Peer 1: 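Here you go, one structure.
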Amino acid sequence: MAKAITKRTENYSQWYLDIVKRAGLADHSQVKGCMVIKPTGFAVWENMKDQLDRMFKETGHVNAYFPLFIPKSFLSREAAHVEGFAKECAVVTHHRLMNDPNGGGVVVDPSAKLEEELIVRPTSETIIWDTYRDWINSYRDLPLLINQWANVVRWEMRTRLFMRTAEFLWQEGHTAHATREEAMEESLRMQQVYADFAEQYMAMPVIRGVKTANERFAGADETYTIESLMQDGKALQAGTSHFLGQNFAKAFDVKFLNKENQQEYVWATSWGVSTRLIGGLIMTHSDDDGLVIPPKLAPTQVVIVPIPKPGPEIAEVAEKLMQALRAQGIRVKFDDDEKNRPGFKFAEHELKGIPVRIGIGKRDLEKGQVEIARRDTKEKQFVPIDGAAAFAAQLLDDIQQNLLQKATKFRDDNITRADHFDDFKAIVNATRPDQTESWGGGFISAHWDGTTETELKIKELTKATIRCIPLDNEQEEGRCILTGKPSNQRVLFAKAY
RNA sequence: CGGGGCGUAGCGCAGUCCGGUUAGCGCACCUGCUUUGGGAGCAGGGGGCCGCAGGUUCGAAUCCUGCCGCCCCGACCA
């Protein structure tokens, strides 16, 4: 092992960075806070995107595209919204460069100042709702179910590859409805779509919940979230779906004529997931040997490694195997690069998280078998050549299931109930050398008196915030963990990304 | 926006305190041979405005001044 990556127990943050870089997912760019998503990382995103897009279409949505630039005046129409984003906006002030008269290269041409500055979208509610005003006249125009795949910019102080970058890729759905009920159903429906995607494709278990007022999206009446737990015991908000009420309709004067020939403001939702999901994927499954990703999202699902060199007999068997696998829609590669030796390839493919590796050597051929290794458990076994393709296909399913089970067990094992504030503090401050050097404490299920004041106080004292109020919460009489005031349900606290 | 750290070959670093041959090491790269079932060995080779700009000096990667960039930690946020 010439080039080991940092162990999780030593430095979790560095471990994450090592994985991202060494697995070839992304690099820091020349621009502060931005990243270059490399082909392998982008392939993961494409797989996510393809599946999500399919699910959006199945729920009746269509794609469209709105401008990157938003007139400054739009952003201030909705008071809470501008409050939420004002601090992190990139602003375009000029539209022309010129040669520096002093010979210093190009400079901004001061005569090309924009009359109204443009904001690089941090999210698109404003420009979309300004457009919807023209699109919506009657109840017959509703519901309007639109999604866009785009990049957005939020000028973050502190960034981390995939988890938080100044520019990131995402999808944002923006829908308009005739009734409050319909909009509410839509926001819950999309939250469910996200939860299904996370569990079935990312093998990442999530808790569906609703955000507290304090954690709510700027401009929303209600924010629904899917929350997941990373290996270091910190929570990740993996996706959000917002019930926007009539806030944007009122701010942008979007009305429709109902069946009774009366003007009404429309009801809205918006929902999004981003490249941040890739960060969540990494931190849910990967280990000290490198990236581990679920087969359904892996750019390459099976790699075939010839041992030692790809002689004609080996290549022939590999070719047949590849055909059989491709016939089942499996993404397979034959690593016949003669530059590296098998040992190097084994380590490299594990580092890059390819779920299944098939080794074919001369000895194997004599016995009519191949060696099949799975990335998640590192188990290897010999399988007859004839049954190898079917075995590998089944193994991919097993790995997908195993990853979800393992992550679910980890998540469930790390939801702790606390009834006294001392216990609460002990849980968030606990060190777990068997886990990670910066153990976050996992989820804590505790009673809360429902006030923002108490929530902020707990955050101040422990750094833990309320991640969500689970939707399927059982009602239970209790007393607030901090104030002792009566409460009728537990909420989930955690330190969060 | 505060605190810390780092800019020397594609990557990772040493050298900087205490100025002085031709700036060095590992990995990667190129050529050849031997190898190949868990990160190969030997031999030969290519690659540097030492972050940028000034200054001090006979002489600067090294000292001084200014600037730029990035990373990590904290506050804020998806």
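By convention in this document, chain letters (A, B, ...) are assigned in the order of the sequence lines, proteins followed by strands, and residues within each chain are numbered from 1. Here the structure is a predicted model, which is why all the values come from computation and not from measurement.
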Peer 1: What is the distance from CG of A:Leu17 to P of B:C73, rounded to the nearest Å?
Peer 2: 8 Å
Peer 1: Quick check: any donor-acceptor pair below 3.5 Å linking the side-chain of A:Arg154 to the base of B:C77?
Peer 2: no
Peer 1: So for A:Lys380 and B:G38, does any side-chain atom that can act as donor or acceptor lie under 3.5 Å from a complementary atom in the base?
Peer 2: yes
Peer 1: For A:Ala213, which residues count as a side-chain contact (heavy atoms from CB on, under 4.5 Å) partner, sequence neighbours excluded?
Peer 2: A:Arg216, A:Thr452
Peer 1: Distance criterion of 3.5 Å, no angle test: do you see the side chain of A:Arg357 paired donor-to-acceptor with the base of B:G38?
Peer 2: yes
Peer 1: Counting only non-hydrogen atoms, which of residues 231-239 of chain A are less than 4.0 Å from RNA chain B?
Peer 2: A:Gln237
Peer 1: In whole angstroms, how far is the P atom of B:A40 from the NZ atom of A:Lys339?
Peer 2: 12 Å
Peer 1: Regarding A:Gln51 and A:Asn47, do their side chains bring together a donor and an acceptor under 3.5 Å, going by distance alone?
Peer 2: no
Peer 1: Give the dot-bracket string for RNA chain B, reading 5' to 3', where a pair is Watson-Crick or G-U wobble with both distances under 3.5 Å, ( ) marks pairs inside the strand, [ ] marks pairs crossing earlier ones, | marks a partner on another strand, and . marks unpaired.
Peer 2: ((((((((.[[[[.)....(...]]]].((((((.....)))))).....[[[[[..)....]]]]])))))))....
Peer 1: Ignoring hydrogens and angles, are the base of B:G37 and the side chain of A:Asp364 linked by a donor-acceptor pair under 3.5 Å?
Peer 2: yes
Peer 1: Using side-chain hydrogen bond (donor to acceptor under 3.5 Å, both in side chains) as the criterion, list what pairs up with A:His81, not counting sequence neighbours.
Peer 2: none
Peer 1: Listed by chain and number, what are the side-chain contact (heavy atoms from CB on, under 4.5 Å) partners of A:Val193, not counting sequence neighbours?
Peer 2: A:Met55, A:Phe56, A:Thr59, A:Met190
Peer 1: Any salt bridge (charged side-chain N to carboxylate O under 4.0 Å, His left out) involving residues 193-214 of chain A? Give me the pairs, sequence neighbours left out, ordered by first then second residue.
Peer 2: A:Lys211-A:Glu227
Peer 1: In Å, rounded to the nearest 0.5 Å, how long is the span from CE of A:Met184 to OG of A:Ser241?
Peer 2: 10.0 Å
